[in-house]
2 protein chains.
Amino acid sequence: MSTHFSKRDELIHALTDQMRISSTVTIFFHQAIAEHLGLNQTDHKCLELLQRKGAMTAGELAEESKLTTGAITGVIDRLEKAGFARRVKDPNDRRRWIIEIVQENIKIIEDLFKTFAQQTMQLYDKYTDEELAVILDYVSESTNLTVEWTKKLREKR
Amino acid sequence: MSTHFSKRDELIHALTDQMRISSTVTIFFHQAIAEHLGLNQTDHKCLELLQRKGAMTAGELAEESKLTTGAITGVIDRLEKAGFARRVKDPNDRRRWIIEIVQENIKIIEDLFKTFAQQTMQLYDKYTDEELAVILDYVSESTNLTVEWTKKLREKR
DNA sequence: GAAAACATCTTAGTTGGTAAGATATTTAAT
DNA sequence: ATTAAATATCTTACCAACTAAGATGTTTTC
């Protein structure tokens, strides 16, 4: 009774392994970015949310980041002090503060990512259009799965 | 003067976007796993290091996780209390504690990931061997890049 | 066998989080 | 129009987990 693994099994095994490594590496990477910017991880995550989703109120930021409003007050204080974001009173509802990014000061971050993007471009050169399409499909689908699992885990307690 | 984007440009743009989303989603996922296990993120990260790299001394764990030895003492205390790891005196050097995983109690985590792995298998069905090889290559290469960038960021300060 | 090196733990102080409630503003009800 | 309820953010008191520095116990070196 010999255990035989097909080439496909081996591919799948290697990919599973590599995805796990990729997760861990990603987490360390984001930690390193935050440190580089002189921010803690939470503050950096909130800054990214603001970059990706655009200006929003303090309450929305709390909801998106899964932090309490009390914690968000501190986050915004620190981001404001670092010059990356600022509070603007909502003219229509003066209870609300809208938190927006300070474009001039965010340039450092954008330049950083531009360098990274350039190196990634070189990686893309390796692949044909068809291959890139497969990669995109896989990354999208596996991200969808991860989102699903995250929801399930949160529901379970 | 019209800006024209080729199909390839669009693919690359979409992939860049998707990779960024994937990072964020991964971070939330790991947060959810930790919560599910009743651990904080730091403790969970250390547990993963032990799973991936095998048993190691408290000092090695501190180095791998970029925590101080003081913090690691707390991490190990909590992992031990939760039953996921234990301290074993190094018989050759009694200054050292070797931290090892408690296999019986780690099963919960393995079962959790087995479920995830099964669902991922269905995703793999979509792809040919050749396509899986391309995906594996891309994930490996982009992980390597991320590792490189992480190092660079840490060196720079 | 004494000094230096080493591995881990302990302690004191700091940071960033939550929960609960204070303050200010808007919306809804009569 | 006034009052009550709802809403948005901030403040406060408290707690968990981190760092830095040094204490403790063990090994290595000379």
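Chain naming here is simple, since letters A, B, ... match the order of the sequence lines and numbering starts at 1 in each.
In this structure, the CD atom of B/Q41 is 13 Å from the C1' atom of C/dG17, given to the nearest Å. Between B/D77 atom CG and D/dC18 atom P there is a gap of 12 Å when expressed in whole angstrom units. Between A/L67 atom CG and C/dT18 atom C1' there is a gap of 10 Å when expressed in whole angstrom units. For the pair B/L79 CG and D/dA17 C1', the interatomic distance rounds to 13 Å; values are reported in whole Å. Counting to the nearest Å, the C1' atom of C/dA7 and the CD1 atom of B/I99 are 11 Å from each other. In this structure, A/I72 places its CD1 atom 13 Å from P of C/dG16, rounding to the nearest Å. Remark: C1' of C/dG16 and CD1 of A/I76 are 15 Å apart, rounded to the nearest angstrom. The CD atom of B/E60 sits 8 Å away from the P atom of C/dT8 (whole-angstrom rounding).
The existence of a salt bridge linking A/K126 and B/D137 is confirmed by a sub-4.0 Å separation between a basic side-chain nitrogen and an acidic carboxylate oxygen. Using a 4.0 Å cut-off between charged nitrogen and carboxylate oxygen, B/R52 and A/D17 do not count as a salt-bridge pair.
Out of C/dT8, D/dA17, D/dA8, the shortest distance to the side chain of B/W97 is found at C/dT8. Nearest to the side-chain atoms of A/T68 among the listed nucleotides C/dG16, D/dA20, C/dA19 stands C/dA19.
For D/dA16, the OP1/OP2 oxygens have no side-chain nitrogen or oxygen of B/N40 closer than 4.0 Å. A close approach under 4.0 Å does occur between a side-chain nitrogen or oxygen of B/T42 and OP1 or OP2 of D/dC18. Here B/R87 reaches the OP1 or OP2 of C/dC9: one of its side-chain N or O atoms lies under 4.0 Å away.
Taking the six-membered ring where tryptophan is involved, the planes of B/Y124 and A/Y138 are essentially parallel, since the angle between them stays under 30° and well short of 60°.
With hydrogens and angles ignored, a donor-acceptor pair closer than 3.5 Å exists between the side chain of A/T69 and the base of D/dC10.
When the shell of 6.0 Å around NZ of B/K107 is examined, it contains 12 or fewer heavy atoms from other residues, nucleotides or ligands.
Residue contacts for A/A71: at a heavy-atom cut-off of 4.0 Å it reaches a base atom on one of the strands shown. A/G70 comes within 4.0 angstrom of a base, heavy atoms only.
B/E131 places a side-chain N or O within 3.5 Å of a backbone atom of B/T128 that can act as its donor or acceptor partner. At distances below 3.5 Å, not a single donor-acceptor pair connects side-chain atoms of A/Q122 with backbone N or O atoms of A/Q119.
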Sort me out a list of protein N/O and nucleotides 27-30 of chain D N/O pairs below 3.5 Å, or just none if empty.
residue	atom	partner	partner atom	Å
D/dT27	OP1	B/R94	N	2.8

Report task. Step by step, work out the side chain to side chain contact (heavy atoms under 4.5 Å, CB included) result for A/E35 and A/Q41. Result -> CA-CA 8 Å; A/E35 271 165 32; A/Q41 279 196 74; over 6 Å; no

